[in-house]
Amino acid sequence: MMEFDHKGDVKRSRLSRRALMLGGIQASVAAVIGWRMHQLGVKEGDQYRLLAEENRINIQLLPPARGLIYDRDGDLLTINDRVYAIEMVREQSRDPELILNRLAQLLPLTQEDIDKALADMKKRRAFVPVTVATGLEWEHIAAVSANAPALPGVTPVLGLNRQYPKGPEFSHIVGYVGSVSDYDLNETDDHDPLLRIPRFKIGKTGIEATLEKPLRGEAGIKRIEVNSLGRVIRELDRKEGASGVDIQLTVGQELQTYTLNRLKGHSASAVVMDVTNGDILALASGPTFDSNKFLKPISQADWKEMNDPHYRPLVNKAVAGTYPPGSTFKMVVALAGLEAGLIDSSEEVYCPGHMEVANRKFHCWKRGGHGHVHLREALRYSCDVYFYDLALRVGIEKITQMAHKLGLGERPNIQLPSIKEGLMPTKDWKRKVKKKDWVLGDSINAGIGQGFVLASPLQLAVMTARIASGMKIEPRLINLYNNEVYPTRGLEPLDINPNHLAIIRSGMSEVSNHRRGTAYGARLKPEQGGPMAGKTGTSQVRQITAAERRKGVVRNEDLPWNRRDHALFVAFAPVQNPRYAISVVVEHGGGGSAVAAPIARDIMARTIKLGDKGYGNLPNNRTREQT
Amino acid sequence: MSYLERNLKSTPRGLGKVLYFHWPLAILIATISGVGFLMLYSVAGGNILAWAQPQMYRFVVGFVMMFIIAMIPIVFWQRMAIFAYLFAIALLLVVEFFGDVGGGAQRWIDLGFIRLQPSELMKIALVMVLASYYDWLDESQVSKPQWLLLPLALIVIPTALVLKQPDLGTAMLLVAGGGVVIFAAGVSLWYFAALLASLVGLVAAVFYTRGTEFELLNDYQYRRIETFLDPSISPYADGYHITQSKISLGSGGYAGRGFMEGTQSRGNFLPEKHTDFIFATLGEEFGFLGGITLLGMYMLIIAFCMISAMRNKNRFASLLTIGIAATFFFYFSVNMLMVMGFAPVVGVPLPLVSYGGSAMMVLLGAFGLIQSAHIHRPR
């Protein structure tokens with residue numbers, strides 16, 4: 001023990017008391033500190049650890065390689081080309097204008113490009129990479145990499161650029177890709193983060209659009225540790241994505257090219273099908289356009305050409321064009337009559353050249369009339385009065401029913417965009433849509449495929465294939481989907497008496513092969529693989545008034561182009577054991593027998609000549625570019 | 001004669017004084033400084049040259065200085081107190097007129113070889129001069145108002161100068177350090193009760209005048225207080241500091257992520273990671289255990305000092321020791337509370353650990369004074 005004098009003792013005790021008080025206060029503050037440490041680190045530790053993870057981990061997407069599309073022979077219709085681009089992040093470059101001017105010394109950058117990049121960067125958030133230049137050569141990339149220290153925020157990137165090596169021939173089927181627009185983002189409920197990547201491209205039309213998701217594949221994910229500036233410290237892990245599925249079309253390049261060439265000079269479309277399985281062998285719409293032109297900014301002239309109001313090259317008329325089928329519809333009316341038991345093949349109707357119903361005169365295309373005709377003759381000569389009479393007797397409901405059985409008015413189930421259903425009218429439909437009652441004249445018009453009736457070339461091809469095969473053939477555009485054979489549909493028999501179908505087929509055969517048939521001039525000779533059976537159609541796009549008729553009908557050639565008749569032709573071949581069906585529609589082409597039938601004959605001859613070589617194999621070890 | 005008896009009975013002379021050192025205190029100081037080196041090495045991402053090595057040099061110089069100060073009799077330092085105080089005031093004035101502006105505040109004098117922070121020196125000088133005053137003053141007079149005027153003036157003058165820099169943190173430490181000496185000297189508790197009441201009034205006044213012409217604080221100080229009260233106000237500006245340091249501390253969990261494994265400081269999410277916020281990294285890498293251990297070591301230093309002060313019959317020595325210990329306590333407690341989101345961000349370093357020359361030197365010098373008081377205590 002220490003010994004203190006009396007005075008010192010008093011002093012000591014007061015100071016010690018105060019020191020102890022201080023110590024007590026300090027100890028309690030320390031206790032608060034310790035309690036807080038415990039609260040933060042132990043009680044709420046998990047929560048803070050999560051926040052720390054969020055701080056440091058950035059997720060980067062690895063865009064997948066887009067699926068490839070092959071034709072029937074196994075040739076590539078799309079290529080994923082390597083493309084070098086330069087991206088820039090505003091936040092990291094601090095003075096984007098200065099950096100861009102430095103870049104301009106290394107790359108072919110115009111002042112316009114620089115202004116556009118600056119505007120782009122201003123529009124987006126500071127950390128979003130913006131593409132400054134694309135389509136660069138390797139030397140440019142090397143130059144940028146070598147000067148990296150002077151170019152903060154600038155990154156060379158390797159991307160995949162979609163190219164279409166076959167050019168215009170498959171443009172309507174394959175379509176093209178384009179950058180994701182704000183419209184796309186707002187319209188779709190697709191939340192794939194890939195769509196938010198600035199240069200990412202999605203299918204805009206054709207198969208590229210309809211099979212967008214499978215073709216796109218799945219993005220891989222790379223988790224990287226970053227610092228507060230977003231600089232990468234290291235890669236933590238990565239999950240590889242899946243590249244898009246590959247697709248093989250049923251369409252072969254040779255026939256497709258031939259078909260397109262044969263349509264040249266017309267605004268026309270043609271569809272060739274295999275009637276035994278529905279395979280679409282050619283699906284052409286002319287004039288066509290080049291998908292590759294959409295990969296770069298389109299020139300004014302190209303854009304004007306593609307949007308020609310008459311020829312409409314961007315529209316795939318084979319599926320999106322609908323026309324009054326004209327006389328090609330007569331098979332439907334005839335089958336409806338046969339199935340209803342109202343006619344037989346020998347029953348005759350007298351054609352004086354017109355028919356009067358309810359004080360209206362309905363003319364046959366032949367002013368003098370065909371005289372007494374039975375069904376096969378009516379088809380052979382395409383006698384209108386026979387079918388006026390038949391349509392009146394059968395009634396529109398039964399005709400429409402038959403049309404649906406043959407695929408008209410039904411939406412063809414293939415993987416193309418903007419496919420039209422056409423129209424097969426009923427009384428209810430007219431009441432609902434037109435707010436008018438069905439009149440006899442409507443049935444009469446429908447009897448020759450005019451009036452309200454509308455069908456697309458693809459539907460007409462399906463109809464012909466069904467008549468030829470007697471099966472519920474469905475069109476098939478895709479053969480292999482992700483290395484699996486896409487199913488063939490509709491191999492069950494049609495719900496139509498086969499004898500009736502045989503009558504129709506022989507009628508169609510006479511159209512092409514009888515001396516006085518409407519398509520005799522365009523018959524397929526035996527040495528070409530014939531004979532074939534067809535049906536011409538000429539559909540009016542205008543009403544011929546009684547006054548006009550009195551003056552004498554103006555010849556088609558003398559009318560302005562867009563008021564001329566559509567020329568149609570459908571056919572199958574060979575007549576015995578049919579294998580192929582075809583439909584040709586030439587917009588404002590004039591007469592079916594004069595214009596459409598020769599085209600169809602040539603295409604059919606080529607189809608038979610090329611024969612069925614089967615499907616080409618897809619390359620097995622194809623090299624896939626991976627970003 | 002045993003070591004202990006010698007320690008009690010005889011007054012040491014010459015180099016023999018080394019034996020009478022408060023060795024546990026010195027070792028504790030060195031240990032905490034060692035923790036500081038480790039943390040500075042870690043926050044630099046494994047680079048020893050950035051902060052750890054310069055800090056070690058300073059520590060060695062400071063440690064030697066501590067010994068030299070300790071060897072000089074406490075009586076000398078008592079006589080020097082008033083001069084130290086005047087010198088520090090003079091330096092503060094120099095800073096006021098010629099100082100460099102660093103971190104938005106005038107705090108430094110660049111002497112060429114060292115950047116001196118006079119406010120650090122002031123903290124110790126104020127404690128010295130007050131201890132000396134109360135040693136001179138008869139103890140029965142301490143509570144008389146007229147004898148309170150001088151100590152209050154001694155506190156207010158440097159505080160005003162420091163506030164003008166502006167350095168709210170140091171000003172608070174000056175008031176607190178001076179206040180502790182007055183408290184320990186035995187001034188009536190009523191004064192302190194009154195002070196507390198007027199402080200509450202002042203705080204009210206400070207906020208009441210905000211936005212008027214008579215604002216008492218700078219805008220950045222208001223904002224700091226506001227973001228302290230609610231860091232979510234501006235998670236990317238002032239509040240960012242507190243939010244990120246809380247994330248660091250919390251993510252360390254119980255035992256921490258391990259040395260050099262802190263993602264918060266490695267990713268630069270932490271501001272001032274090597275100075276004011278170094279405790280956040282310590283918490284992240286060594287967890288609750290690391291933090292509580294450091295706190296324990298700090299408290300042990302306080303305990304050693306308080307015991308030494310209570311056993312010292314020299315009134316100046318006792319008051320000096322208590323005052324310095326309290327200043328040291330304010331340093332680490334305010335820093336820790338700040339980093340944990342319990343006090344405003346006022347710019348107070350973690351003593352002996354944070355990177356910084358002035359604070360380290362001054363603190364080691366101050367511990368030299370405590371050692372001197374311990375060695376030269378009356379026997």
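What you see below is based on every heavy atom in this structure, not just the backbone, and it leaves out hydrogens, waters and symmetry mates. Below, chain A is the first sequence line, B the second, and so on; all start at residue 1.
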Could you have a look at B:Ile302, B:Leu189, B:Leu319, B:Ile247 and say which one has the most heavy-atom pairs with chain A under 4.5 angstrom? B:Ile247
Mind checking whether A:Leu22 and B:Phe329 have side chains closer than 4.5 Å, heavy atoms only? no
Any side-chain to backbone donor/acceptor pair from A:Arg36 onto B:Met340? Under 3.5 Å, distance only. yes
State, yes or no, whether a side-chain contact exists between B:Leu249 and A:Met37 at a heavy-atom distance under 4.5 Å. no
I need the residue from A:Asp46, A:Val42, A:Leu40, A:Ile25 with the largest number of non-hydrogen atom pairs under 4.5 Å to chain B. A:Leu40
Checking heavy atoms, do the side chain of B:Val334, its backbone, both or neither come under 4.5 Å from chain A? neither
More than 12 foreign heavy atoms under 6.0 Å from CD of A:Gln39: is that the case here? yes
Do you know which of B:Ala185, B:Gly186, B:Gly291, B:Ala325 has the most heavy-atom pairs with chain A at a distance under 4.5 angstrom? B:Gly186
Count the heavy atoms belonging to other residues, nucleotides or ligands that lie under 6.0 Å from CD of B:Gln141, then report whether that count exceeds 12. yes
Pick one of side chain, backbone, both or neither for B:Phe279, based on which atoms fall under 4.5 Å of a heavy atom in chain A. side chain
Minimum heavy-atom separation for B:Leu295 and A:Gly34, please, with both atom names. CD2-N, 3.8 Å
Side chains of B:Ile322 and A:Leu15, heavy atoms from C-beta outward: is any pair under 4.5 Å? yes
Of the non-hydrogen atoms in A:Gln26 and B:Ala326, which two are nearest, and what is the gap between them? NE2-CA, 3.7 Å
Roughly how far, to the nearest 0.5 Å, is NE2 of A:His38 from OH of B:Tyr254? 7.5 Å
More than 12 non-hydrogen atoms from neighbouring residues, nucleotides or ligands closer than 6.0 Å to CZ on B:Phe259, yes or no? yes
Point-to-point distance, once rounded to the nearest 0.5 Å, from CZ of A:Arg18 to CD1 of B:Ile182: 11.0 Å
Taking all non-hydrogen atoms of both residues into account, name the closest pair between B:Met306 and A:Ala19 and its distance. CE-O, 3.4 Å
Can you say whether B:Leu289 sits under 4.5 Å from chain A via the side chain, the backbone, both, or neither, judging by heavy atoms? neither
